[in-house]
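The residues of the chain are indexed from 1 along the displayed sequence. Atom set for the values below is all heavy atoms of this structure, side chains included, hydrogens, waters and symmetry mates excluded.
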Amino acid sequence: MASDHRVNSYSPEGRIYQIEYAMKAMNHGVTTVALTNRDAIVISSEKKILSKLQVTSSATKHYKIDDRIGLAFSGISADASVIVEKSRMYMVSRMMQYDECSSVMGILKSLCAQSLRFGERDPGKKIFSRPFGVSILIAAFEECPKLFLLEPSGSYKQFKAKSIGSAHQAVDNELLDRYDEDISSDDTVLLSYKLLKDVMKDKISHENVETMIVNKDGVRFLSEDEVGNYLVRVN
């Protein structure tokens, strides 16, 4: 039917199929798990290494938006790169216009607004001619750790712990039983690796896993050596 292809038309059943297709696309990516404790947000992701000749750092799923906000994604990498660029531009423009950093709610509302502009006729107002094919986790430290999920539909929700990607349902089910916001950041990292280890097809290693920690000191990415030291305690 024509409604399958139009991005700004409802089907006779009241659905926008292009958004539903985008939701499926974001679940084809590798798995990412994010957990908050009282001091930080820990986000760990599987990295898909396609060749032994590939530089592993080029397969990153984690980005720094500013000194206190980090972003992780699952889905189409090209779409994520555009979202990262738009997010950074928003933060810079906010600083230039108002001489202050935007809150995480500000950047979330900006991204939600842009997510819904795929049906705009004016090319200057839209990023793509279709919905984003990514699921975005945004971690921010504003007096306390905060974790948000942004979906292609242009909606966002706050979570204490959440996973995205191909195995998100299995990981979310495990989180219901194993998540504890009172554990330390070290134990939070270990838990994230244990959850990934259970759903990864390849053996977990310092080369195919990456971790980002957001706390009062800012956004930090664990080195491969640090990841390896944690994995010794997991395996």
(request) I would like to know whether Y230 and D186 meet side chain to side chain contact (heavy atoms under 4.5 Å, CB included); could you show each step before the answer? (result) CA-CA 8 Å; Y230 278 110; D186 276 355; 2.5 Å; yes

(message) Is it the case that the side chain of S163 and the backbone of V33 share a donor-acceptor pair, with hydrogens and angles ignored and the cut-off at 3.5 Å?
(response) no

(request) Could you walk me through whether I213 and T188 pass the side chain to side chain contact (heavy atoms under 4.5 Å, CB included) test, one step at a time? (result) CA-CA 10 Å; I213 299 175; T188 304; over 6 Å; no

(message) I need the L35 CG to I183 CD1 distance, nearest 0.5 Å.
(response) 7.0 Å

(message) For residues V209 and V234: do they belong to one hydrophobic cluster (side chain heavy atoms under 4.5 Å, members Ile, Leu, Val, Met, Phe, Trp, Tyr)?
(response) yes

(request) May I ask you to decide whether D198 forms a salt bridge with R178, counting only side-chain N to carboxylate O separations under 4.0 Å? (result) yes

(message) Hydrogens and angles aside, do E142 and S103 bring a side-chain donor and acceptor to less than 3.5 Å of each other?
(response) no

(request) State which residue, out of V104, L108, I138, fulfils the side-chain contact (heavy atoms from CB on, under 4.5 Å) condition with Y156. (result) L108

(request) To the nearest 0.5 angstrom, please state how far the CG atom of D225 sits from the NE2 atom of H206. (result) 7.5 Å

(message) So, applying side-chain contact (heavy atoms from CB on, under 4.5 Å) with K47, which one of E210, H62, E207 is it?
(response) E210

(message) Quick one, S77 and K61 - any side-chain contact, counting heavy atoms below 4.5 Å?
(response) yes

(message) Salt bridge check, K157 against E151: does any charged N sit closer than 4.0 Å to a carboxylate O?
(response) yes

(request) Report the C-alpha distance between H168 and T31 in whole Å, list the side-chain angles of each, state the deciding distance to 0.1 Å, and finish with yes or no for side chain to side chain contact (heavy atoms under 4.5 Å, CB included). (result) CA-CA 7 Å; H168 74 279; T31 306; 5.7 Å; no

(request) Without swapping roles, check the side chain of D39 against the backbone of N215 for a donor-acceptor pair under 3.5 Å. (result) no

(request) Indicate, with yes or no, if V84 and V92 share a hydrophobic cluster defined by side-chain heavy-atom contacts under 4.5 Å among Ile, Leu, Val, Met, Phe, Trp and Tyr. (result) no

(request) Give, for atom CG of D202 and atom CD of E46, the distance between the pair rounded to the nearest 0.5 Å. (result) 6.5 Å

(request) Of all the heavy-atom pairs spanning I43 and A34, show the shortest one and how long it is. (result) CG1-CB, 3.6 Å

(message) Between T36 and K160 (side chain of the first, backbone of the second, donor and acceptor by atom type, cut-off under 3.5 Å), is there such a pair?
(response) yes

(message) Working to the nearest 0.5 angstrom, can you tell me the gap between L231 CG and L190 CG?
(response) 9.0 Å

(message) Would you compute the distance between atom OG of S74 and atom CD1 of I164 and round it to the nearest 0.5 angstrom?
(response) 5.0 Å

(message) Using every non-hydrogen atom in the two residues, find where R220 and L222 come nearest and quote the distance to one decimal.
(response) NH2-CD2, 3.4 Å

(message) Counting C-beta onward and ignoring hydrogens, is there a side-chain heavy-atom pair between M212 and V219 closer than 4.5 Å?
(response) yes

(message) Give me the atom names and distance for the closest heavy-atom approach of F73 to T60.
(response) CE2-O, 3.9 Å

(message) Is there a path of hydrophobic side-chain contacts, each under 4.5 Å between heavy atoms of I/L/V/M/F/W/Y residues, joining L150 to M105?
(response) yes

(request) Check the pair V30, S45 against side chain to side chain contact (heavy atoms under 4.5 Å, CB included), reporting the backbone distance first and the verdict last. (result) CA-CA 7 Å; V30 294; S45 300; 5.6 Å; no

(message) Show the nearest heavy-atom pair for residues K203 and N208, with the distance to one decimal.
(response) O-ND2, 2.9 Å

(message) For a 4.5 angstrom cut-off between non-hydrogen side-chain atoms, does M91 reach I69?
(response) yes

(request) Identify the heavy atoms of F221 and K64 that sit nearest to each other, and give their distance. (result) CZ-N, 3.8 Å

(request) Drop me the distance from L195's CG to Y179's OH, to the nearest 0.5 angstrom. (result) 12.5 Å

(message) Please check: side-chain N/O of T211 versus main-chain N/O of S44, any donor-acceptor pairing under 3.5 Å?
(response) no

(request) Write down the atom of T32, the atom of A72, and the distance for their closest heavy-atom approach. (result) CG2-CB, 4.3 Å

(request) Taking R68 for its side chain and V214 for its backbone only, find out whether a donor-acceptor pair lies under 3.5 Å. (result) no

(message) Using side-chain heavy atoms (C-beta onward) and a distance below 4.5 Å, is S184 in contact with N37?
(response) no

(request) Check whether any side-chain N or O of S87 sits under 3.5 Å from a backbone N or O of I83 as a donor-acceptor pair, and report yes or no. (result) yes

